[in-house]
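Just below is one structure, and these are the notes that go with it.
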Amino acid sequence: MEAVNTGISDADSVDDDPTVEEDETVDAGGDPTLGQVLLAVEELWPESLAEEWDEVGLVVGRPNVPVTKVLFAVDPTLAVIDEAIEWGAGLLITHHPLLLKGVNSVAATSAKGLAVHRLIEAGTGLLTVHTNGDSAVGGVSDVLADAFGLENVEPLTPAANGLPEEGIGRVGDLPELITLGDFAARVFEMLPAVAGGVRVAGDKDGLVRRVAVCGGAGDSLFDAVRASHADVYVTADMRHHPASEAREGASNGRPYLIDVSHFASEWLWLPAAAEALGNVLADQGYDVEIRVSSTNSDPWDFILTPGGD
């Protein structure tokens, strides 16, 4: 996958992002029902690939309702839901679940309850493609590996119920040795620009070639990263203690660590996912307009850092 500029100009929108153009859509012929779209989604990102703790699949929607517009987003926030409704989307597909934990009320007195009410009242379906979207071929970590130019890519942790090339995370090799500083700059350029930026642990001039990646929060995979002999590990939401312990237990300083925005690490998958779903539906003769959300759902607005080089 050729690297693209996915910079987000501010914390409120991605309207200036050249990869998310207002009229950039994927068109296919005929209107499928929501149920038929679900079958296409299952072909790409089977629910059997989801982790046991995860909640994926249809959250809101009637399978027999026709769908003419589909919006992809990372998070089912109220702003994203409003965007989907205003555009007239019949289906919102998000990477993160709206209801990951059990609830006993969806009253509109809470944000999640209000989200459910808005979706139902507007006739907009909601579908979650979470860890099944991480694990599948062409999923979140595959897209990251392609964007960073990795070769000989394989899963970091193979899927229990998938193909050999499916699983959480990816590890592969750069075509040539590169300094950690230059590779971190490449990561920064590939991902949407958000307030948190990119944090790096390691020798800026150290050479790296073997790279492990995991879209989203991946600091639970350090054992697999060490076993892969990666020189550097790129993931999001690294907590203090796992990161500190990984540094203390590193061999010759490796694996170096690159911590990125959770939202940014998974946003990169959305255009690829939209294109993939559009291709499957088009092959089936359906006419669906598919778009990537222009809403930046990264929760942070700005960051203060010390001066220096």
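Predicted model, so just to flag it, every value in this text is computed and none were measured.
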Does the side-chain contact (heavy atoms from CB on, under 4.5 Å) test come out yes or no for Val41 and Ile93, once each step is laid out?
CA-CA 10 Å; Val41 168; Ile93 300 178; 4.2 Å; yes
For Asp231 and Val211: C-alpha separation, side-chain torsions, deciding distance, then whether side-chain contact (heavy atoms from CB on, under 4.5 Å) applies.
CA-CA 6 Å; Asp231 296 313; Val211 180; over 6 Å; no
Stepwise, does the side-chain contact (heavy atoms from CB on, under 4.5 Å) test hold for Val153 with Leu150?
CA-CA 7 Å; Val153 175; Leu150 302 188; 3.8 Å; yes
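Taking OH of Tyr233 as the start and OG of Ser228 as the end, the distance is 9.0 Å to the nearest 0.5 Å. Considering CH2 of Trp300 and OG of Ser261, their distance stands at 11.0 Å, rounded to 0.5 Å. The CG atom of Asp223 lies 11.5 Å from the OG1 atom of Thr157; values are rounded to the nearest 0.5 Å. One distance of note links CD1 of Ile258 with OG of Ser265; it measures 13.0 Å at 0.5 Å rounding. Distance check, rounded to the nearest 0.5 Å: CZ of Arg199 to CG of Asp259 gives 4.5 Å. Rounding to the nearest 0.5 Å gives a distance of 11.0 Å between CG of Leu281 and CG of Asp31.
In this structure, Trp269 is a member of the same hydrophobic cluster as Val198, with clusters built from ILVMFWY side-chain heavy atoms closer than 4.5 Å. With hydrophobic clusters built from ILVMFWY side chains whose heavy atoms lie under 4.5 angstrom apart, Leu174 shares a cluster with Leu180. Hydrophobic clustering (side-chain heavy atoms under 4.5 Å, transitive across Ile, Leu, Val, Met, Phe, Trp, Tyr) keeps Leu114 apart from Leu99. In the hydrophobic cluster analysis, where Ile, Leu, Val, Met, Phe, Trp and Tyr join through side-chain heavy atoms closer than 4.5 angstrom, Val140 is grouped apart from Val56. Taken together through direct or relayed side-chain contacts under 4.5 Å among Ile, Leu, Val, Met, Phe, Trp and Tyr, Leu49 and Leu277 form parts of separate hydrophobic clusters.
For Arg186, there are no salt bridge (Lys or Arg N to Asp or Glu O under 4.0 Å) partners, not counting sequence neighbours. Every residue two or more places apart in sequence or in another chain that forms a side chain to side chain donor-acceptor pair (under 3.5 Å) with Asp237 is listed here: His262. Qualifying side chain to side chain donor-acceptor pair (under 3.5 Å) partners for Thr33, counting only residues two or more places apart in sequence or in other chains: Gln36. Residues satisfying the side chain to side chain contact (heavy atoms under 4.5 Å, CB included) criterion with Thr179, sequence neighbours excluded, are Asp182, Leu207.
Side-chain contact between Leu144 and Val234 is absent, with no heavy-atom pair separated by less than 4.5 Å. Within the 4.5 Å cutoff, no side-chain heavy atoms of Leu257 are placed close to those of Val232. No side-chain heavy atom of Val208 sits less than 4.5 Å from a side-chain heavy atom of Leu177.
Ala217 approaches Thr235 most closely through the heavy-atom pair C-OG1, 3.9 Å. The two atoms that bring Val37 and Pro32 nearest to each other are CG2-CG, 3.8 Å, heavy atoms only. Closest approach of Leu268 and Ala147 over heavy atoms only: CD2-CB, 3.7 Å. The minimum heavy-atom distance linking Pro192 with Trp267 is given by the pair CG-CE3, 3.6 Å. When all heavy atoms of Val280 and Ala40 are compared, the pair lying nearest together is CG1-CB, 3.6 Å. Heavy-atom minimum distance, Pro46 versus Asn132: O-CB, 3.1 Å.
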Which donor-acceptor pairs under 3.5 Å do the side chains of residues 158-169 make with protein atoms, sequence neighbours left out?
| from | atom 1 | to | atom 2 | distance (Å) |
| --- | --- | --- | --- | --- |
| Glu166 | OE1 | Leu163 | N | 2.7 |

Name each donor-acceptor pair under 3.5 Å that joins a side chain in residues 121-130 to protein atoms two or more places apart or in another chain, with its distance.
| from | atom 1 | to | atom 2 | distance (Å) |
| --- | --- | --- | --- | --- |
| Thr124 | OG1 | Ala89 | O | 3.0 |
| His130 | ND1 | Asp54 | OD1 | 2.9 |
| His130 | ND1 | Asp54 | OD2 | 3.1 |

Quick one: side chains of residues 57-79, donor-acceptor pairs under 3.5 Å with protein atoms, not counting sequence neighbours, listed by atom name and distance.
| from | atom 1 | to | atom 2 | distance (Å) |
| --- | --- | --- | --- | --- |
| Lys69 | NZ | Trp87 | O | 3.0 |
| Asp75 | OD1 | His96 | ND1 | 2.5 |
| Asp75 | OD2 | Ser297 | OG | 2.5 |
| Thr77 | OG1 | Val80 | N | 3.2 |

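Side-chain atoms of Arg254 come within 3.5 Å of backbone N or O of Asn252 as a donor-acceptor pair. Listed for the Asp203 side chain is a donor-acceptor partner under 3.5 Å among the backbone atoms of Asp205. Of the possible donor and acceptor atoms, one in the side chain of His117 sits under 3.5 Å from a partner among the backbone N and O of Val106.
Legend: ring pair (Phe, Tyr, Trp, His ring centres under 6.0 Å) pairs involving residues 152-187, not counting sequence neighbours, sorted by first then second residue: Phe148-Phe183. Counting only residues at least two apart or on different chains, the salt bridge (Lys or Arg N to Asp or Glu O under 4.0 Å) pairs with a member in residues 208-221 are Glu154-Arg210, Asp173-Arg210, Asp219-Arg239. For residues 132-142, every residue pair satisfying the salt bridge (Lys or Arg N to Asp or Glu O under 4.0 Å) rule, not counting sequence neighbours, is listed here: Asp142-Arg170. Pairs engaging residues 87-116 under the salt bridge (Lys or Arg N to Asp or Glu O under 4.0 Å) rule: none recorded [sequence neighbours left out]. Identified under the salt bridge (Lys or Arg N to Asp or Glu O under 4.0 Å) test for residues 35-52, with sequence neighbours left out: none.
Heavy-atom neighbours of Glu176 CD from other residues, nucleotides or ligands within 6.0 Å: at or below the threshold of 12.
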